[in-house]
*Asks:* 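I'd like to ask some things about the structure below.
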Protein chains: 2
Amino acid sequence: MKCKDALVMELTDALPPRADEAAAFLKSLANPHRLLILCALAQGERNVSTLIEETGVAPTSMSQHLSKLKDEGVVDFRRDHRTLTYFIAHPAAVEIMTVLYAHFCAKD
Amino acid sequence: MKCKDALVMELTDALPPRADEAAAFLKSLANPHRLLILCALAQGERNVSTLIEETGVAPTSMSQHLSKLKDEGVVDFRRDHRTLTYFIAHPAAVEIMTVLYAHFCAKD
DNA sequence: TGATCATATCATAAAAATATAAATTGAAAA
DNA sequence: TTTTCAATTTATATTTTTATGATATGATCA
């Protein structure tokens with residue numbers, strides 16, 4: 001068997017058993033509005049009203065997107081008085097965004 | 001304004017205008033069968049029959065998944081005799097898989 | 001040139017994702 | 001303790017995704 005690269009070998013062996021989890025995680029990021037939300041949160045934690053203003057996503061839709069991100073462990077929140085402050089909870093999310101930035105924005 | 005990190009700044013500024021493209025790209029990867037296909041292709045190019053054997057994905061479904069990956073530029077193929085040989089065409093795909101591996105497989 | 005093999009396309013049904021409007025929760029201020 | 005406000009939940013319609021079976025393409029071999 002031809003070994004191309006140790007990382008690729010490990011990846012192709014180890015990832016298939018986790019394909020369901022990994023795909024569910026990716027799917028939770030794979031929406032334009034959720035990427036906008038995560039870009040805002042990458043700058044720092046935000047409450048829901050601020051996220052609505054900054055992204056232009058409608059309130060009900062925002063709740064549903066945040067709920068989906070929370071279910072997948074991508075974000076978490078804490079209660080501050082009567083507002084909820086959301087923040088990125090999964091380091092892989094920022095790493096994925098960094099790859100997207102490198103390939104979709106930094107092409108010069 | 002508090003500057004946390006130069007990369008995060010660039011990312012949060014530059015990614016939102018590309019959110020639709022970036023989300024479409026992520027969506028093309030965000031399926032368990034397509035991740036299996038890409039893990040196989042990460043080891044090297046494969047024809048469709050081999051991909052079907054290695055992944056257990058049904059032929060019609062395989063064609064549709066490959067077509068979706070091709071539409072998004074993730075894979076490409078060439079014709080060899082009467083078989084089609086597919087290969088990964090977008091480096092970002094392997095980078096995303098590497099992030100997934102690090103977070104879903106290499107957690108010890 | 002007719003049969004065969006690899007793969008794709010078409011048609012369809014079922015499941016999941018998304019957006020929107022209306023109703024609800026629950027903490028805090030009056 | 002009633003009102004208010006931030007956010008969520010529910011209900012519903014639309015669109016998208018996925019799987020499957022049947023048919024079609026198109027290159028090659030006999």
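Just so we're on the same page: letters track the sequence lines, and every chain starts at 1.
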*Asks:* Students often get this wrong, so: under 4.0 angstrom with heavy atoms, is A:F77 touching a base, only sugar-phosphate, or nothing?
*Replies:*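 It contacts nothing in the nucleic acid.
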*Asks:* A:R78 has an atom CZ; how far is it from atom C1' of D:dA7, in whole Å?
*Replies:*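 Going from A:R78 (CZ) to D:dA7 (C1'), I get 16 Å.
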*Asks:* Between C:dT18 and A:K68, is there an OP1 or OP2 to side-chain N/O distance shorter than 4.0 Å?
*Replies:*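 So the side chain of A:K68 is within the cut-off, an N or O lying under 4.0 Å from OP1 or OP2 of C:dT18.
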*Asks:* Counting only side-chain nitrogens and oxygens, does A:S49 get under 4.0 Å of the OP1 or OP2 atom of D:dA6?
*Replies:*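 Checking A:S49 against D:dA6: no side-chain N or O falls below 4.0 Å of OP1 or OP2.
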*Asks:* In whole angstrom, give the distance that lies between atom NZ of A:K70 and atom P of D:dT9.
*Replies:*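 From A:K70 NZ to D:dT9 P: 11 Å.
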*Asks:* Is the B:F87 to B:F77 ring centre distance short of 6.0 Å?
*Replies:*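 Between B:F77 and B:F87, which both carry aromatic rings, the centre distance is not below 6.0 Å.
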*Asks:* Distance alone, cut at 3.5 Å: any donor-acceptor contact between the side chains of A:D80 and A:T83?
*Replies:*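 Checked: A:D80/A:T83 side chains show no N/O donor-acceptor pair below 3.5 Å.
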*Asks:* Going by number, which of residues 28-38 of chain A have a non-hydrogen atom under 4.0 Å from DNA chain D?
*Replies:*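 Contacts with DNA chain D under 4.0 Å: none.
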*Asks:* Are any non-hydrogen side-chain atoms of A:Y86 and A:I37 less than 4.5 angstrom apart?
*Replies:*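 A:Y86 does not reach A:I37 side chain to side chain.
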*Asks:* Atom CG of A:D20 and atom P of D:dT18: how far apart are they, to the nearest Å?
*Replies:*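 The answer, rounded to whole Å, is 13 Å.
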*Asks:* In whole Å, what is the span from the CG atom of A:L66 to the P atom of D:dA6?
*Replies:*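 That distance rounds to 16 Å.
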*Asks:* What is the distance, rounded to the nearest whole Å, between atom CD1 of A:I52 and atom P of C:dA19?
*Replies:*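 Whole-Å distance recorded here is 13 Å.
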*Asks:* Pair A:L51, A:N47 - check side chain to side chain contact (heavy atoms under 4.5 Å, CB included), show working.
*Replies:* CA-CA 6 Å; A:L51 285 173; A:N47 63 46; over 6 Å; no
*Asks:* D:dT18 C1' sits how many Å from B:M62 CE, rounded?
*Replies:*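 About 14 Å, once rounded to whole Å.
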*Asks:* Before you tell me yes or no, could you show the steps for B:I88 and B:L69 under side chain to side chain contact (heavy atoms under 4.5 Å, CB included), namely the whole-Å CA-CA distance, both residues' side-chain angles and the distance that decides it to 0.1 Å?
*Replies:* CA-CA 9 Å; B:I88 292 177; B:L69 289 168; over 6 Å; no
*Asks:* Establish, with yes or no, whether the OP1 or OP2 oxygen of C:dA16 is under 4.0 angstrom from a side-chain nitrogen or oxygen of A:K27.
*Replies:*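 Result: no.
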*Asks:* Quick test of your reading of the model: are B:K27 and B:E72 salt-bridged, counting only N-O distances below 4.0 Å?
*Replies:*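 B:E72 and B:K27: not salt-bridged.
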*Asks:* Could you check how far CG of B:L84 sits from C1' of C:dT7, rounded to whole Å?
*Replies:*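 Spelled out: CG on B:L84 to C1' on C:dT7 is 6 Å.
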*Asks:* For C:dA6, take OP1 and OP2 only and decide whether either is under 4.0 Å from a side-chain N or O of B:Y86.
*Replies:*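 Checking C:dA6 against B:Y86, no side-chain N or O comes under 4.0 Å of OP1 or OP2.
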*Asks:* What does the B/S/- profile of nucleotides 21-30 of chain D look like, 5' to 3', with a 4.0 Å heavy-atom cutoff to protein?
*Replies:* BB----BBS-
*Asks:* Does the plane of the ring in B:H33 sit parallel, tilted or perpendicular to the ring in B:H65? Use 30° and 60° as the thresholds.
*Replies:*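 Because their plane-to-plane angle is over 60°, the rings of B:H33 and B:H65 count as perpendicular.
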*Asks:* Pick base, sugar-phosphate or nothing for A:T83, based on heavy-atom distances below 4.0 Å to the nucleic acid.
*Replies:*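 Answer is sugar-phosphate: A:T83 comes under 4.0 Å of backbone atoms only.
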*Asks:* Are the ring centres of A:F25 and A:H90 closer than 6.0 Å?
*Replies:*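 Under 6.0 Å, so yes.
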*Asks:* Looking at every non-hydrogen atom in both residues, tell me the closest pair between B:A42 and A:V8 and how far apart they are.
*Replies:*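 Heavy atoms of B:A42 and A:V8 come nearest at O-CG1, 3.1 Å.
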